[in-house]
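Take a look at the structure set out below.
This chain uses plain numbering: 1 for the first residue, then up along the sequence. Everything quoted here is computed from the prediction, not taken from an experiment.
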Amino acid sequence: MQAIKGIHLEDIIESLREYQPTADVDKLLMAYTYGSKAHKGQVRMSGEPYMSHPMQVAKILTRMKMDPDVLAAALLHDTLEDTDATPEALQELFGPEITHLVEGLTKLSKISFSSREESQAENMRKMILAMSKDIRVVLIKLADRLHNMRTLDHLPPARQKNISQETMDIYAPLASRLGLHWIKVELENIAFRYLLPYEHKRVTGLMAERQAELDKFLLSICNQTRELLLKERIAAQVTGRFKHFYGIHRKMKEQALDFDQIFDLIGVRIITNSLMDCYKALGLVHSRWKPIPGKFKDYIALPKENMYRSIHSTVLTNTGRRVEFQIRTQQMHRHSEEGVAAHFRYKEGGRPPSKDDENFIWVRRLLELGMSVDNSQEFIDNLKVDLFPDEVYVFTPKQEVKAFPTGATPIDFAFAVHTQVGNHYLGALVNGKPVPADTKLRNGDVVEILTSEDQHPVRDWLKIAVTSHARATIKAYIKNTQKTDALRLGEEIIAHELARHGIDPTPYLEKPAMETAALALGFKNSETLIERVGLSNFPVYSVLQKLLPPPEWRTVEERRRTFLTNVPQETGVRVGNVHDMAIRFAGCCNPVPGDPILGYISAGHGLVIHNKSCPMIKVLESDPEKIIEARWETAAKKQLRPVRIMVYCMNQPGILARVSMAIAECQANISNATVTATDHIGGELDITVEIEDLNHLQRIIEAVRKVEGVRNVARIMDVSRAGKR
């Protein structure tokens, strides 16, 4: 049988036949022969023939019990990238299934980026998106990374560290989330050795010093457990294990513990033949050793999202050592070893599992996330929540169980129920009582969501939502809303400018005309162009230049040159490169000429002008995409603007009359006045005056301050009127 230094093809075939006795091995023989010829003369950094790597990857995949197509693809996985092989040649020899897998892996490899962070983010995104076509591509990629980590010694130190960091950041957590715990542990331990060599040497040294003692203790605990089960005639396998090196280091670092303070170095696994025996075994363990409060999790009754099932309970032994027991059935153990691979392995007939399969839910949500965001780093930031879950389990009113990361809120629950439930979230009842949206859900909570058609996602929800699905959906809604507002405003700006020059805007706003202008200006479509105009990111006159026939444009341009100086402005405000457009002034701050101002695209209100000192600015700045620079026109016609001032005065007869007289002497009109007595000696006059500009207002305030009985005068900005922004 063919062999490559250190591994024989027969080893792979024997492993395959252990779980698929009638498997067709001809594909493997063909793939081996083709791969060997394609890689002939190529060697790895270790000096071994290159083909040793694909064979080791295939061997790793047999532990996941992958089918012959996957193993053949593993033997061929570098041929398209590193040899003269072509997709057409693979298609002819191996058919579409294997070619599809090899091409999927090649696409994952051919990515180059400007930074390591960008590379990691996009690599992860590409892998998750690859799952939408075939989960097996990612499983082969994990096996490929595992063997590369096993042979990392032969690379330069800088490459060792870079690859190890990427493994720790992406591949290890992904393996864990896919239920491939054994791959996760090995990847972490190897990466740990290269990233933190001193800490790795220390932990392994301390473990080696105590190995004999720990071995003896573990043997004793396992024997005692077997005796307990035997007495009750419970058939089970009992095995012991030690916490892996990186897990020990992480716990020491996160909890600031010395090695001698790590009490749960040892674990015992009980594998039974039935579900009932799992709970019987748990009772026996708890009757023999004292369970530690808060260290019990029943993942059988409440499985993890990747369908991992097991009972975990940490007990305190007579010697004072802690031991974690994991209790599960044979079937559950197979799943814990094979993870998602067990569920995504193609079934008879070559058909993949249905996307509605309960085991597909988590991966499907990742796919939706990957396709809903444009920015790779945003994707990876959201994904971290799903890759490192510390789950909490809550119930719907119908007693359905839903799992969330710790810290999840009713907002996350609402979007998990359905996107439309989240989009119309009004409030929540937790255990029958109304709670704020930022309430942290706890194990066992019963959550009911209240909705209203008038409610929609707002940016503040992003400060509350934890899950990637909820955050991505909220961002998508906000982005679409902003786009709608910008499109409406863009059309309004273009129409207004055309109409002001005596041109009927109707034919020019129709799609054919706008599409022609957009393409001429380098935009992919008219929608993008109009949106940019609405956001004041593109000058409207450049649009008019492409929209209008040359004679009309020349006329408009001539008028435009004289317009700014000869034509009085209706609003006196210029926004971006556009003047005299349809705007509104905010009722909360009532900006006047001379105030520093900005424009805000408000849903339902168009463009609203705010004073930069307005109390609402902090709220507005949470939507930076909607903010547009604005300024007053210096040559604008003077217009009267309403402003509120508060006069703090003595409570004495004639005070209102004296203040009114002072305002009238400044050539200003009072449109509203309210008098309030604060006590028997003091009072407040809330007055709205109509002024021309900031200088006019300052003259009024100084005049009122000089009135006898006036203590102070201040301009008022009213947040309660912010709804009109």
Inset, instruction - Could I get the full list of salt bridge (charged side-chain N to carboxylate O under 4.0 Å, His left out) partners for Arg241, not counting sequence neighbours? - result: Glu324
Inset, instruction - Just jot down the salt bridge (charged side-chain N to carboxylate O under 4.0 Å, His left out) partners of Glu213, sequence neighbours excluded, or say none. - result: Arg321
Inset, instruction - Give the ring-plane orientation class for Phe325 versus Trp289, where under 30° counts as parallel, over 60° as perpendicular and anything between as tilted. - result: parallel
Inset, instruction - Could you check Asp298 against Tyr279 for side chain to side chain donor-acceptor pair (under 3.5 Å), going step by step and ending with a plain yes or no? - result: CA-CA 10 Å; Asp298 188 348; Tyr279 289 99; 2.9 Å; yes
Legend entry - Leu93 versus Met30, closest heavy-atom pair with distance: O-CE, 3.4 Å
Inset, instruction - Would you please name every residue forming a side-chain hydrogen bond (donor to acceptor under 3.5 Å, both in side chains) with Tyr50, sequence neighbours left out? - result: Asp78, Asp82
Inset, instruction - Mark yes or no for whether Gln165, through its side chain, and Leu195, through its backbone, hold a donor-acceptor pair below 3.5 Å. - result: no
Inset, instruction - Please identify each residue that fulfils ring pair (Phe, Tyr, Trp, His ring centres under 6.0 Å) with Phe415, with sequence neighbours left out. - result: none
Legend entry - Passing candidate, side chain to side chain donor-acceptor pair (under 3.5 Å) with Thr151, options Arg44, Gln56, Glu48: Arg44
Legend entry - Backbone of Met66 reached by a side-chain donor or acceptor of Tyr19 within 3.5 Å: yes
Legend entry - All ring pair (Phe, Tyr, Trp, His ring centres under 6.0 Å) counterparts of His312, not counting sequence neighbours: Tyr299, Tyr308
Legend entry - Test log, rule side-chain contact (heavy atoms from CB on, under 4.5 Å), inputs Val285 and Ser313: CA-CA 9 Å; Val285 169; Ser313 182; 5.9 Å; no
Legend entry - Set of residues satisfying side-chain hydrogen bond (donor to acceptor under 3.5 Å, both in side chains) with respect to Gln224, sequence neighbours excluded: Ser220, Arg288
Inset, instruction - Tell me, please, which residues at least two apart from Asp153 pass salt bridge (charged side-chain N to carboxylate O under 4.0 Å, His left out). - result: Arg193
Inset, instruction - Look at atom CD of Gln42 and say whether more than 12 heavy atoms of other residues, nucleotides or ligands are closer to it than 6.0 Å. - result: yes
Legend entry - Residues forming a side-chain contact (heavy atoms from CB on, under 4.5 Å) with Val185, sequence neighbours excluded: His181, Asn189, His244
Inset, instruction - Kindly write out the residues that satisfy salt bridge (charged side-chain N to carboxylate O under 4.0 Å, His left out) with Arg210, not counting sequence neighbours, or none if the list is empty. - result: Asp260
Inset, instruction - Compare every heavy atom of Ile248 with every heavy atom of Leu265, then report the nearest pair and how far apart it is. - result: CD2-CD1, 3.5 Å
Inset, instruction - Just jot down the side-chain contact (heavy atoms from CB on, under 4.5 Å) partners of Thr86, sequence neighbours excluded, or say none. - result: Glu88, Ala89
Legend entry - ring pair (Phe, Tyr, Trp, His ring centres under 6.0 Å) partners of His147, counting only residues at least two apart: His53
Legend entry - Partner residues of Met45 under the side-chain contact (heavy atoms from CB on, under 4.5 Å) criterion, sequence neighbours left out: His154, Leu155
Legend entry - Nearest atoms (heavy-atom pairs only) where Ala143 meets Met64: CB-CE, 4.4 Å
